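All ligand and atom numbering here is 1-based and tracks the order in the structure. For clarity, every value in this text was computed on a predicted model and none was experimentally measured.
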Amino acid sequence: MISSTQLDGIALIVGSGSGIGREAAFSLAEAGAKAVVFADKNEGTAKASSDESRKYASNKDYQTMTFKMDVQDDKSVQDMVDFVVKEFGRIDYAVNAAGVDNGRHAPIAETNVDNFDRVMNINTRGNLICVRAQVAAMRKQEPKTWSSRNGTRDIGRGVIINLASANSFVGLPGKGSYTISKHAFMGITKMAALDHSPEGIRVNAVCPTWVRTPLLDEELRKNPEVQGMISAIVPIKRAAECEEVSDTIAFLCSPAASYINGASLLIDAAVTTTVRLF
Ligand SMILES: NC(=O)c1ccc[n+]([C@@H]2O[C@H](COP(=O)([O-])OP(=O)(O)OC[C@H]3O[C@@H](n4cnc5c(N)ncnc54)[C@H](O)[C@@H]3O)[C@@H](O)[C@H]2O)c1
C-alpha cells in the first residue's frame, strides 16, 4: 500500500445512515481516520452505522459519534459543523452524500414543480449549505503537511467530497429534476474549489452511475428488467459495488490526492463515453 493513501484526521459524513455515505464512512475508518461523525436525518441508521464502523476502523484511537440533522434546515447544518469542531477541534474530511432521486420520471414539459423544488432543496441547496458551513470551519484550521521520500509538502486545511452523479455530465430521459440538481452540485464543487483553494481547502466530486446500494438491490429484486438495462448500457455489465465509490472517496481525501482539486470524477465504467444504440 502507498503510505500517502493513509488517513489520520477527523471525518464528517453527511447522509451516512445508508448507501454510499455509510460505505464512505467505513472506507475512511478503514483508511485510518481518527474519528468519524455520522450525520443523517435518520438517527437510528446513523447510530447503527456508527457502531458498525468500529469493526473496520484501523486507527487505534478511533472514535465515532452521530449527529441528527437535515440538510434542508440551515441551523441543523451549522449545529452539525459546530458539534464536530467542539468535539474534535477540526474537520479534515467532509463527505456530502445526502441526496434523493427524481421520483416519477417525467419529460421536462411535464415537470412537477413541487417535486423539482423538493429535489433541488435537498440535492442542491441542502448540499450547498453543507459545503458553506464546512468550508467556513476549515478555513479557520491550521494547515497540515505531508512528508514523503521526496520531502515535505503542504496538504492544506481540509478536503470536501461531494456525491454528484454521472447525471452531472449527461441526462437520462425523464430524470430532469435529478439531472439538473446534480449539474448544479458539480457547479458548487467547482466554485467552492476555486474560491477556497487559496485557503488550502480542496473540493472534489465523485460521479457514479448505478451503485449497488440496498435500494438498488431492492429494485433489482422487484424489477429484474433493471439488471437487463444495466447489462445493456454499462460496458462492464454490472452496477458498481459501493466500495468502488467509497474507496475512491477515501483516496481523494488522502495526501496522495493533494493536487486533485475542483475535479468531478466519473465512476461509470465508461457509460458516458459513447452513444449506445443497443
Ligand atoms: N446509488 C446510486 O446508484 C447513486 C448513483 C449516483 C449518485 N448517487 C448519489 O449518491 C448519494 C447517496 O445515494 P445513496 O444511493 O447512497 O442513497 P441512500 O438513500 O441509500 O442514502 C442517502 C442517505 O442520506 C440521508 N438523507 C436523505 N435526505 C436527507 C436530508 N434531507 N438530510 C440529511 N440526510 C438525508 C438518508 O437518510 C440516507 O441515509 C446521493 O446524492 C445520490 O444522488 C447515488
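- Chaining together hydrophobic side chains whose heavy atoms lie under 4.5 Å apart places Met186 alongside Phe169, Val170, Leu266.
- Residue-environment remark: CD (Gln78) exceeds the threshold of 12 foreign heavy atoms within 6.0 Å.
- Lys47 has a carboxylate O that lies under 4.0 Å from a charged side-chain N of Asp51, or vice versa, which qualifies the two as a salt bridge.
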Exercise for the section: Please assess Asp92 against Lys34 for the test salt bridge (Lys or Arg N to Asp or Glu O under 4.0 Å), listing each intermediate value before the final yes or no. Expected result: CA-CA 10 Å; Asp92 294 292; Lys34 202 177 290 164; over 6 Å; no
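- Other members of the hydrophobic cluster containing Ile155, listed by chain and number, are Trp146; membership follows side-chain contacts under 4.5 Å among ILVMFWY residues, whether direct or relayed.
- Pairs of residues two or more places apart, or lying in two chains, that qualify as salt bridge (charged side-chain N to carboxylate O under 4.0 Å, His left out) and include a residue from residues 162-187 are Asp101-Lys175.
- Using a 4.0 Å heavy-atom criterion, the residues that approach ligand 1 are Gly15, Gly17, Ser18, Gly19, Ile20, Asp40, Lys41, Met69, Asp70, Val71, Gln72, Ala97, Ala98, Gly99, Leu163, Ala164, Ser165, Tyr178, Lys182, Pro208, Thr209, Trp210, Val211, Thr213, Leu215.
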